[in-house]
Enquirer: 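Structure in structure tokens, see below.
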Amino acid sequence: MSHGHLPLGQGAGRAAVLTGLGSFVPPRVVTNEELSRTLDTTDEWIRTRTGITRRHWADPGTATGDLAVAAGERALKSAGSADVDLVVLATTTPDHPCPATAPDVASRLGLGNVAAYDIAAVCSGFVYALASAAGAIATGTAERVLVIGAETYSTILDPDDRTTSVIFGDGAGAVVLRAGDPTEQGALLGYDLGSDGSLKDLIIVPGGGSRQRTTQADEPGARPADTYFTMQGKQVFRHAVTRMAASSRAMLDRSGWAPETVDWFVGHQANVRILHAVADQLGMARDRTVVNLDRVGNTSAASIPLALADAVSGGLITPGDRVLMSAFGGGVTWGSTALVWPDIAVQ
Ligand code: COA
């Protein structure tokens with residue numbers, strides 16, 4: 001088993017400390033009933049196979065950057081300061097194939113000429129972005145970082161594909177990280193990251209990149225539908241459980257936490273059956289699992305910060321709680337991190 005181990009966080013001189021949290025979902029709610037009017041599916045199937053009852057989809061004209069700005073604004077307000085020197089944006093659905101979305105978001109937030117870049121690790125994007133931001137803090141490249149996970153999957157879903165359209169939702173979540181001490185409440189305690197590119201076809205948008213160009217739609221074999229998101233759900237399910245459990249275990253080892261001492265498991269919100277299977281494998285009680293996918297679906301890179309914001313504003317996660325985060329996504333990629341929850345006001 002391959003796990004990337006970044007020598008960051010615990011043990012390093014400077015840790016990244018979470019100091020702000022905010023989230024945003026577009027107003028339009030799409031219920032299972034609404035989807036079952038145009039797709040061969042039922043509310044019952046979606047609820048029992050995934051746990052999802054509704055999701056939010058952006059109206060045409062709303063882009064990922066718009067959601068990122070809204071969540072970013074709230075995270076900066078929660079942190080009590082708009083003073084950041086780096087913006088890292090995790091997304092699968094950037095505003096354009098080129099340039100990255102982060103610089104525009106930074107500019108619209110009035111952050112000046114700060115460094116800004118996107119991270120593409122699909123549903124693991126937010127954890128990868130946290131590790132990347134923490135690296136910038138550890139090396140002194142940045143003092144305060146705005147880390148955003150934002151997605152508009154509704155723009156890449158095939159409206160005729162019942163296996164993907166019922167699962168994904170749009171939204172954005174953001175945190176502010178500041179340089180601090182590894183022993184502080186809110187310090188990220190390290191990272192476990194990994195990938196297996198031999199499984200890239202499990203989650204893929206085949207067209208629109210350099211391998212299969214959309215500009216040459218008349219090429220033999222090219223289909224407009226190739227710009228849609230595709231997923232081999234059953235296989236993804238299996239790998240998600242195995243990898244999230246192994247990565248969580250590696251993270252628990254690093255932080256020296258026994259599974260039963262974790263207050264909240266904030267796993268990537270793909271399917272409630274995945275979250276419960278991971279909890280079972282780790283020997284954690286299922287009711288320690290944060291679940292908000294019932295209301296927002298799978299929001300990919302936005303999923304973990306949206307779940308965090310929901311759990312903190314709902315009074316589940318409270319200061320001093322041990323929080324373990326773990327994600328799995330296209331690539332395939334996976335990643336985990338952990339922290340003791342700080343005393344912050346969520347927006
Ligand atoms: N409504 C009704 N039936 C559906 C359906 C839908 N929306 N989607 C699939 N089905 C059907 C299938 O066609 C299949 O029919 P068949 O038996 O006649 O072939 C049947 O339901 C079972 O499909 P299967 O894919 O085996 O179901 P599943 O229990 O694995 O659930 C997922 C499908 C997609 C919900 C599940 O595999 C999953 O959650 N995977 C991970 C998804 C994810 O979020 N990944 C994101 C990155 S981590």
Side-chain angles (χ1 to χ4, degrees), residues 20-26 56-77 79 82 84-136 141-142 144-157 168-177 203-205 207-210 214-215 227-229 268 296 298-306 309 327 329-331 333 335:
L21 171 64
S23 68
F24 179 81
V25 287
H56 294 252
W57 280 359
D59 288 323
T62 298
T64 294
D66 303 327
L67 307 185
V69 166
E73 239 161 31
R74 291 179 178 182
L76 293 168
K77 203 166 168 202
V84 297
D85 42 18
L86 170 64
V87 174
V88 183
L89 170 65
T91 188
T92 319
T93 51
D95 289 5
H96 308 280
C98 167
T101 304
D104 184 42
V105 169
S107 163
R108 289 171 61 189
L109 285 169
L111 301 178
N113 301 127
V114 297
Y117 58 90
D118 289 2
I119 294 247
V122 197
C123 300
S124 310
F126 186 73
V127 177
Y128 268 65
L130 288 178
S132 173
T141 310
R144 296 173 66 91
V145 187
L146 176 62
V147 180
I148 308 173
E151 300 281 15
T152 46
Y153 263 65
S154 61
T155 63
I156 58 168
L157 292 172
F168 292 90
D170 301 342
V175 299
V176 177
L177 301 179
I203 292 171
I204 192 166
V205 179
S210 56
T214 39
T215 47
T227 54
Y228 286 135
F229 176 93
H268 167 52
V296 298
N298 180 345
T299 57
S300 193
S303 136
I304 285 183
L306 274 175
T333 53

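Starting from 1, each residue takes its place in the sequence as its number.
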Enquirer: So which heavy atom on Leu146 is nearest to which on Ala174, and how close?
Expert: CD1-CB, 4.2 Å
Enquirer: Please check: side-chain N/O of Glu151 versus main-chain N/O of Thr299, any donor-acceptor pairing under 3.5 Å?
Expert: no
Enquirer: Let me see the working for Phe126 and Ile119 under side chain to side chain contact (heavy atoms under 4.5 Å, CB included), right down to the final yes or no.
Expert: CA-CA 8 Å; Phe126 186 73; Ile119 294 247; over 6 Å; no
Enquirer: Within the side chain of Asp104, is there an N or O that forms a donor-acceptor pair under 3.5 Å with the backbone of Thr101?
Expert: no
Enquirer: Strictly distance-based, threshold 3.5 Å: is any side-chain N or O of Asp85 a donor or acceptor partner for the main-chain N or O of Val114?
Expert: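 Flag not set: sc Asp85 to bb Val114 has no pair under 3.5 Å.
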Enquirer: Could you pull out the closest heavy-atom pair between Trp57 and Asp170, with the gap in Å?
Expert: CA-OD2, 3.4 Å
Enquirer: Please report the interatomic distance OH(Tyr228) to CG(Leu157), rounded to the nearest 0.5 Å.
Expert: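 If we round to the nearest 0.5 Å, Tyr228:OH and Leu157:CG are 9.5 Å apart.
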Enquirer: In Å and rounded to the nearest 0.5 Å, what is the CG to OG distance from Leu306 to Ser300?
Expert: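 Output value for this atom pair is 11.0 Å.
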Enquirer: Where is the tightest heavy-atom contact between His56 and Pro26, given as atom of each residue plus distance?
Expert: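 His56 and Pro26 have their closest heavy atoms at ND1-O, 2.7 Å.
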Enquirer: Indicate the ring-plane relationship of Tyr153 and Phe168, choosing parallel, tilted or perpendicular according to the 30° and 60° boundaries.
Expert: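 Aromatic pair Tyr153/Phe168 classed parallel.
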Enquirer: Would you check, one step at a time, whether the test side chain to side chain contact (heavy atoms under 4.5 Å, CB included) holds for Tyr117 with Val88?
Expert: CA-CA 5 Å; Tyr117 58 90; Val88 183; 3.7 Å; yes
Enquirer: Rounded to the nearest 0.5 Å, what's the gap from CG on Leu111 to CG on Leu76? Could you check?
Expert: 6.0 Å
Enquirer: Show your reasoning for whether side chain to side chain contact (heavy atoms under 4.5 Å, CB included) applies to Val105 and Val69.
Expert: CA-CA 6 Å; Val105 169; Val69 166; 4.0 Å; yes
Enquirer: Is the side chain of Thr333 donor-acceptor paired with the backbone N or O of Ala121 at a distance under 3.5 Å, no angle test?
Expert: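 Checking the backbone N and O of Ala121 against the side chain of Thr333, a donor-acceptor pair under 3.5 Å is found.
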Enquirer: Grab the two heavy atoms, one from Leu109 and one from Glu73, that are nearest each other, plus how far apart they are.
Expert: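 Heavy atoms only, the tightest pair is CD2-N, 3.7 Å.
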Enquirer: After noting the C-alpha distance and the side-chain angles of Ser23 and Leu21, does the key distance pass the side chain to side chain contact (heavy atoms under 4.5 Å, CB included) rule?
Expert: CA-CA 7 Å; Ser23 68; Leu21 171 64; over 6 Å; no
Enquirer: Keeping the roles fixed (side chain from Thr64, backbone from Pro94), state whether a donor-acceptor pair exists under 3.5 Å.
Expert: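 Pair absent, no side-chain N/O of Thr64 close to backbone of Pro94.
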Enquirer: Can you tell me if CG on Asp59 sees more than 12 non-hydrogen neighbours from other groups inside 6.0 Å?
Expert: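 Enclosed: over 12 neighbouring heavy atoms sit under 6.0 Å from CG of Asp59.
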Enquirer: Would you say Thr93's side chain and Thr152's backbone share a donor-acceptor pair under 3.5 angstrom?
Expert: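 Here the side-chain-to-backbone pair exists.
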Enquirer: Grab the two heavy atoms, one from Gly329 and one from Cys123, that are nearest each other, plus how far apart they are.
Expert: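 So the minimum-distance heavy-atom pair works out to CA-CB, 3.7 Å.
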Enquirer: Return the minimal non-hydrogen interatomic distance between Gly22 and Arg74, and the atom names on each side.
Expert: CA-CB, 3.9 Å
